Amino acid sequence: LKNGINSRAAGYRSQDVFQDQRNADAFGALALPLLAQLYNFAHWLTGNREEAEDLVQETYTKALKGFSSFSPGTNFRAWMYRILRNTFLTSRAGLKATVSFDDEENEIPERPASGDPESLLLARMDQEQIRLALEQLAVQQREIILLSYVEELSYKEIAETLGLPIGTVMSRLSRARRALRELLSSKMQGAGL
Amino acid sequence: MSCEWRTQLDQYADGELQQPELSTLEVHLRSCSSCAAEALGRMQMKRSIHNAAAGAFTPSADFRARLQSSISGDHRPVKTWWPALLFSTAAVVVAIVASVLVLQHRTERNALAEIIDLHVSTVASANPVDVVSSDRHTVKPWFTGKLPFTFNLPELGGSEFRLIGGRMAYVEQNPAAQLLFGIRKHQISVFILQESDATARDFPNGSTHRLEFSIESWPAKGLRYIAVSDGSMADVQALTTILRSSQ
């Protein structure tokens, strides 16, 4: 039935549909290779499979719809991440998570630089502990760590994704890194390492 | 480490530091071991987090199919630069690890240089050894009470080698026995120290040539033996074989 309606619509406005098909082809070629990464990011944000799938599906639908407004030459990857992230923020899970969003001014006190080889120790922690620490991180910090370390977006891409100036990206990233380091080292002490 | 470097190290580890700051920092890293360790730590941490979180969750085949059909079209995969980025990150980490290994290599070279210096100054001295004897039953007991360990000396009769004597030596502040052997016109010093001394690690097993000196290092019964000579490697190895047979 759905196909029937579509083909009838095609009959009425074949020019538009042809254009749409070309759009969809171009979009698919760009967007589908990003699926695994975007899904991983979505799962990290939402914390479960079902919501991650919904989030990714909605992201792709919105992106396809807005693809004609996407100007070639700008960063497609950052554009996709941006749609996903904004979709997440307005979703139920996102609204819940943003309650705990840190204020930009909310500074974590800088620990004295003790020439710490702690990061060397952290590197030896097992993956499960690192995953737990990431889950415990505030969403705002988790997303920037994920974008930088896991999705390996450049500062510029992160700035585009989050709609922030590069300077803010750097300071937020450094705060997030510090928070993660604290979490990991407290876990390490807990484990008696 | 000052805060100025701290911020730059973050950017450096993220591959975001631009010239001219990049060159300035790299020069600094070569001279500041704490910053170099810090940079390596950051990269390792980044790597660990990447390994723990990237691809932690994968879309199911079912979901992929659903999504694909929801955005109809021909889906040729496009070439992604993702692997290239992973590769370049890996290359940076490898470069840093290599520089740490170079530092390690440097301490090995320093230790070798010290051993050679000890050998040369012994041979050049008017009184090269503290206990002058060709009798192993004289030389070995002389070290008793002077060293925190003991060692075996083989019978040299029947070989070309002769025992000249022995003296106390210190290799990077660790007590060692130095035995002096002669073969034709050459002399060979054999240093014996405890394998548990940190210094022992600076002498990897096997033969090395350095400044025309032949050096052979081997472990035996918790001790580290290092033979050094201005003679040929063949002589050093022949003596090594005799010494090892007694261990």
Side-chain angles (χ1 to χ4, degrees), chain A residues 21-44 49 52-53 56-57 60-61 63-64 110 113 115-131 134 145-146 148-152 154-156 170 173-174 177 180-181 184, chain B residues 1-3 5-7 9-11 13-18 32-35 37-60 62-64 66-82 84-86 88-89 93 100:
Chain A
Q21 184 59 40
R22 273 188 21 187
N23 246 344
D25 282 358
F27 175 74
L30 281 171
L32 283 173
L34 298 177
L35 175 59
Q37 286 168 254
L38 287 166
Y39 177 82
N40 185 51
F41 183 54
H43 200 142
W44 273 110
R49 176 165 293 275
E53 288 185 352
V56 172
Q57 179 66 65
Y60 273 77
T61 310
L64 176 58
E110 170 102 37
D116 47 7
E118 72 177 24
S119 38
L120 286 167
L121 283 169
L122 293 175
R124 287 188 214 113
M125 292 190 69
D126 69 73
Q127 301 204 330
E128 197 48 45
Q129 281 170 305
I130 295 176
R131 287 196 195 116
L134 268 178
I145 290 278
L146 288 166
S148 173
Y149 285 14
V150 181
E151 311 303 335
E152 305 206 304
S154 67
Y155 289 175
K156 189 162 168 285
M170 281 161 62
L173 191 54
S174 127
R177 229 187 306 250
L180 182 62
R181 222 176 284 171
L184 286 170
Chain B
M1 184 182 65
S2 73
C3 294
W5 295 119
R6 180 176 280 266
T7 316
L9 283 175
D10 283 337
Q11 293 177 41
D14 289 340
E16 296 271 351
L17 197 60
Q18 307 295 325
C32 174
S33 61
S34 99
C35 277
E38 188 73 17
L40 180 63
R42 267 159 218 245
M43 286 181 189
Q44 284 182 325
M45 176 159 159
K46 197 175 162 166
R47 191 103 217 117
S48 314
I49 292 168
H50 179 90
N51 290 342
F57 308 109
T58 48
S60 67
D62 178 50
F63 174 63
R64 186 181 281 273
R66 260 188 291 142
L67 183 88
Q68 217 156 336
S69 68
S70 78
I71 52 156
S72 57
D74 178 13
H75 311 122
R76 284 172 303 263
V78 293
K79 203 175 170 195
T80 163
W81 49 274
W82 172 245
L85 186 69
L86 261 183
S88 64
T89 313
V93 172
V100 170

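Keep in mind that this is a model prediction, so the values were computed, not measured. All chains are named by letter (A, B, ...) in the order of the sequence lines, taking the proteins before the strands, and each is independently numbered beginning at 1.
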Residue pair [X] / [Y]: nearest heavy atoms and the distance that separates them:
{"X": "B:Asp10", "Y": "A:Tyr155", "value": "O-OH, 3.8 Å"}
{"X": "A:Asn40", "Y": "B:Ala54", "value": "ND2-CA, 3.7 Å"}
{"X": "B:Ala52", "Y": "A:Arg131", "value": "O-NE, 2.6 Å"}
{"X": "A:Gly28", "Y": "B:Ile71", "value": "CA-CD1, 4.3 Å"}
{"X": "A:Leu32", "Y": "B:Arg64", "value": "O-NH1, 4.4 Å"}

What I'd like to find out is whether the side chain of [X] reaches to under 4.5 Å of the side chain of [Y], using heavy atoms alone.
{"X": "A:Arg177", "Y": "B:Asp14", "answer": "yes"}
{"X": "B:Arg42", "Y": "A:Arg181", "answer": "yes"}
{"X": "B:Ile49", "Y": "A:Leu146", "answer": "no"}
{"X": "B:Pro59", "Y": "A:Val56", "answer": "no"}

> In chain order, what residues pass the side chain to side chain donor-acceptor pair (under 3.5 Å) check against B:Ser70, with sequence neighbours excluded?
Replying inline: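 Per chain and number, B:Ser70 pairs via side chain to side chain donor-acceptor pair (under 3.5 Å) with A:Gln57.
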>> Taking side chain to side chain donor-acceptor pair (under 3.5 Å) as the definition, give me every residue that meets it alongside A:Tyr39, ordered by chain and number, with sequence neighbours left out.
In response: A:His43, A:Arg49
> Once you round to the nearest 0.5 Å, how far does CG of A:Leu38 lie from CG of B:Leu67?
Replying inline: 9.5 Å
> So how far is it from B:Arg47 CZ to A:Tyr149 OH, rounded to the nearest 0.5 Å?
Replying inline: 12.5 Å
> Between B:Gln11, B:Met43, B:Lys46, B:Glu16, which residue shows the highest count of heavy-atom pairs closer than 4.5 Å to chain A?
Replying inline: B:Glu16
